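Below is one structure, written out as structure tokens, with a few remarks after it.
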Amino acid sequence: MKKKVLFSREEMARLCVEALKSRGVEIDEIAKIAYQQQARYTSNIRFETCRESVLKILSLRDIFHHVLLAVELDRMAEQKLFRGPIQDIIEQDLGLFGVDEVLGLDVARLYGVIGMTNFGDIDVNKHGIVSRLNEDGKKEGIVHTFLDDIVGAIAAAASTRVAQVINEDIAHEEPHKAISLFD
Ligand code: MG
């Protein structure tokens, strides 16, 4: 019998949370990066909106596939399951290896150019847990080559979503008047 490959959004979010937890990453730590990043640009951000944004993003099928794949690639490299040079390249997190960033960018691009630039900021400045993952990944037996990017990208997407949510609220608050394209 074929195994189940289609999951509901609720199941996908739960499985992502479990996969990240199995690699030592809590949702609140991702939400914290989103909060700190967006707080630089927008006031009145609620931590709960950041948390909710992370969970919304984790419930999307594409993101679910990216998260599970990233987690497995690191775990497989830790167990030395790849053959040839790619095992050492992933294990040593070679600076010139960019496929981990490609997966991250693919997640961040869910929220357009702003999502991608926010990911660049987290990738370069290593906010919060991304810095910890990066440092731990240098230790013997631990591989975080894909995890740090996927976590940074989820935080970037969540941070951008929060900005979208807040701006949508502001748009609704502003007094309604007939708007013409040619005013
Ligand atoms: Mg990486």
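The structure presented is a predicted model; accordingly, all values stated were derived computationally and were not measured. Just follow the structure's listing: the first ligand is 1, and inside any ligand the first atom is 1. Values reported hereafter were calculated over all heavy atoms of this structure, with side chains retained and with hydrogens, waters and symmetry mates removed.
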Of all N/O/S atoms in Asp100, the name of the one nearest the Mg ion (ligand 1)
OD2
Considering only N, O or S atoms, which atom of Asp149 is nearest to the Mg ion (ligand 1)?
OD2
Taking both backbone and side-chain atoms into account, decide whether Glu101 has an N/O/S atom under 2.8 Å from the Mg ion (ligand 1).
no
Heteroatom test (N, O or S) for Thr145 near the Mg ion (ligand 1), limit 2.8 Å:
yes
Would Arg75 and Glu72 pass as an ion pair if we require N to O under 4.0 Å?
yes
Does the side chain of Thr160 come under 3.5 Å of the side chain of Asn118 through a donor N or O and an acceptor N or O?
yes
For the Mg ion (ligand 1), does an N/O/S atom of Asp93 lie at less than 2.8 Å?
no
Contacts of Ser131 meeting side-chain contact (heavy atoms from CB on, under 4.5 Å) (sequence neighbours excluded), chain-then-number -> Lys126
Please find the N/O/S atom of Asp148 nearest to the Mg ion (ligand 1) and write down its name.
OD1
Regarding Arg132 and Asp136, does a basic nitrogen lie under 4.0 Å from an acidic carboxylate oxygen?
yes
Examine the side chains of His66 and Asp106 and answer whether a donor and an acceptor come within less than 3.5 Å of each other.
yes
